[in-house]
Structures are given as C-alpha cells and as structure tokens.
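Every number for a ligand or one of its atoms is a count from 1 in the order of the listing.
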Amino acid sequence: STQAEPMVLTSRSESGKVAILTLNRPKALNALSTPLFDQLNAELEKADADESVRAIVLTGGEKVFAAGADIKEMKDKQFAEAYKNNFLGTWAKLADIRKPIIGAVAGYALGGGCELAMMTDFIVCTPKAVFAQPEITLGIIPGGGGSQRLVTLIGKGRAMDMVLTNRKVSGVEAGQWGLASRVTEDGQSVVEEAVKVADGIAKFGVVAAQAGKEAVNAALELPLAQGLRLERRLFQALFATADQKEGMAAFAEKRKPTWTDN
Ligand code: CAA
C-alpha cells in the first residue's frame with residue numbers, strides 16, 4: 001500500500017473511556033515534525049470533542065517517548081520563515097485541551113519530547129526513562145516551553161542545570177524532583193499504569209475534573225490573589241451542578257455516587 005502510516009496511532013482503554021494516543025514515527029525516534037504535530041493536534045481535538053472520552057493518555061514507544069523536534073526539518077530554517085509561520089506555535093494547542101491528559105513516558109524524552117511530556121497534565125514514567133534538554137548541544141535553546149515549565153516543575157537551579165549542561169535525568173530522579181508524578185516499578189508497563197490512573201479519573205464527573213484542571217492551570221498564570229478568587233468562584237459554581245448534589249447526597253447516604261456530568 002502507498003498509504004502513509006499515521007504518525008499518531010489512536011486506541012481506547014478496555015473501559016472505552018480513555019483515548020490512548022501513541023506517537024508513531026519509530027524510524028526517526030518519534031522526532032516531532034510539523035506533520036506529526038498536526039496529526040497529534042487533530043487527534044487531541046477529536047478526543048476532546050468526543051463525549052465518550054473522559055481522559056487521554058499520550059505516549060510514545062518503549063525505548064523512545066520522543067527524541068525532540070525534528071532536527072532535519074529545522075536545520076536550514078531562517079528567522080523570517082520561522083517567524084512568519086510561527087514555528088512551534090502550533091505546539092501550544094495541547095494546552096487548550098480541556099480533558100485530563102496523562103503523559104506516559106518510557107525511554108528518551110529529549111528536547112521537544114521532554115517539553116511535550118511537560119505539556120500534559122502530569123507524567124507517569126518508567127524508572128529508566130531519560131529526560132533531557134539537549135538543545136544547547138545544537139546551538140539553540142528549548143523552544144517548546146521547556147525553560148518555563150521546568151522552572152515550575154523542578155525549580156530554577158535544576159532547570160538551569162538541565163538547560164545549560166544537557167544533564168540527563170532518569171525516571172527515578174524525575175519522580176524525586178517532581179517532573180514525573182508517578183514512577184512505575186521496573187518492568188511494569190507505563191501505558192497500562194497511565195491508563196489505570198486515567199480510568200480512575202474517568203470514573204469521576206467530567207465537570208469537576210475539568211474544573212480541577214482549570215483551577216490548577218490558573219496557578220501557573222495568575223497572581224495568587226486572582227488564582228484564589230478564580231478557584232473559589234469555580235468551587236462556588238459547582239454548587240449549581242447535579243454532580244455536586246449527587247456526590248454529597250451519596251456520601252450522606254453511605255452509597256456510591258452516580259455521576260451525570262451535569
Ligand atoms: N530529529 C530528527 N531525526 C532524529 C532525531 C531528531 N530529534 N532524533 C533521532 N533522529 C533520527 C536519527 O537521525 C536517525 O535517523 P537515520 O536512521 O536516518 O540516520 C534515527 O532517528 C535513529 O537515531 P540514532 O541513530 O541517532 O539512534 P541512537 O539510538 O544512536 O541515538 C538518541 C538515540 C540519543 C536519542 C539520538 O538519536 C539523539 O541524540 N537524538 C537527538 C536528540 C536531540 O538533540 N533532541 C533535541 C532536538 S531540538 C529540540 O527539541 C528543540 C525544541 O526545544 C523544540
């Protein structure tokens with residue numbers, strides 16, 4: 001067949017509630033070319049719009065999550081072209097997805113691969129995963145959010161260490177530093193673990209899950225007083241939902257809640 005293999009594969013968890021998006025450019029170690037990102041954005045938007053999807057897992061391969069932006073695609077780029085076409089600007093779409101997204105990282109998450117992982121809501125990785133920002137070895141700096149998101153996740157000193165020295169951070173260290181929220185046991189499937197966590201989220205009401213994500217993300221952008229106000233307003237707004245009434249009634253009646261996403 002002459003049909004090109006998709007660069008992002010999609011599947012569902014057994015429960016049907018979790019969309020699993022798998023980067024699939026193995027020959028280039030999942031280098032994040034513009035066409036790959038276009039496909040990823042399209043699949044993310046599809047999953048976000050699909051009511052049967054309640055959470056998303058984004059993963060790569062067993063040996064490589066993603067080896068970064070596509071160096072061969074960008075090596076001859078000029079400033080004007082990069083600027084006019086807003087090169088890497090389309091990467092920001094992921095941050096607009098409203099459903100929870102878990103990054104499942106095994107193997108290399110380098111440069112843009114590390115940055116892509118950090119764009120997810122949180123990361124589950126294997127102990128042997130390798131996170132690094134090797135851009136300095138190419139004469140550039142991170143361009144997919146790395147310099148900003150690393151500081152939030154692991155602090156300025158460790159972020160500087162990674163960006164300025166190409167320090168390789170293992171999955172174990174990533175867990176200790178807070179770059180990854182969960183680290184699997186050696187030999188355990190990171191995708192299975194991430195899907196299990198995502199299925200847990202999928203059991204809760206969608207409105208509360210989306211509001212929780214919105215509130216946490218606000219902390220990255222707003223001064224504390226505004227963030228606290230936004231959180232409180234969202235919290236108060238949830239008293240207008242059926243799921244709040246159901247959740248609290250179920251607690252009082254010592255039964256399990258049945259969420260209606262309303
Ligand atoms: N872009 C394009 N192609 C890449 C790539 C990348 N980021 N990473 C790997 N590849 C390609 C290789 O060129 C090679 O292709 P050919 O078979 O056609 O030669 C193929 O994938 C296999 O790679 P290797 O032979 O190098 O595999 P390895 O196992 O020996 O090494 C590796 C693995 C250590 C990950 C090594 O491939 C590597 O260092 N890759 C580059 C990592 C990097 O520098 N990433 C940062 C990119 S810049 C960036 O991301 C900017 C940003 O902030 C957005």
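Annotation: Gly112 places an N or O atom under 3.5 Å from an N or O atom of ligand 1; distance criterion only. At least one N/O-N/O distance between Ala69 and ligand 1 falls below 3.5 Å. Considering backbone and side-chain N/O atoms, Leu138 never comes within less than 3.5 Å of an N/O atom of ligand 1. Checked by distance only, ligand 1 and Ile71 come closer than 3.5 Å through their nitrogen or oxygen atoms. Polar contact check, Glu135 against ligand 1: a nitrogen or oxygen pair lies under 3.5 Å apart. Geometrically, ligand 1 and Gly143 share a nitrogen or oxygen pair separated by less than 3.5 Å.
Val18 pairs in a side-chain contact (heavy atoms from CB on, under 4.5 Å) with only one of the listed residues (Ser11, Pro100, Ser13), which is Ser13.
Residues Asn24 and Val8 are not in side-chain contact: their nearest non-hydrogen atoms beyond the backbone lie 4.5 Å or more apart.
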Would you please test Phe204 and Trp259 for ring-ring contact (aromatic ring centres under 6.0 Å, His included) and show each step?
CA-CA 7 Å; Phe204 297 119; Trp259 309 116; 7.0 Å; no
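Of the protein's heavy atoms, none falls inside 4.0 Å of atom 38 (C) of ligand 1.
Considering Glu115, Lys72, Gln133, Met74 only, the shortest heavy-atom separation from atom 15 (O) of ligand 1 involves Lys72. The nearest non-hydrogen atom to atom 45 (N) of ligand 1, considering only Gly68, Gly111, Gly145, Ala67, comes from Ala67.
The proximity of Leu88 to ligand 1, defined as any non-hydrogen pair under 4.0 Å, is limited to the side chain. Looking at Phe87 against ligand 1, nothing comes within 4.0 Å, counting heavy atoms.
Around the CD atom of Glu192, the shell of radius 6.0 Å holds no more than 12 heavy atoms that belong to other residues, nucleotides or ligands.
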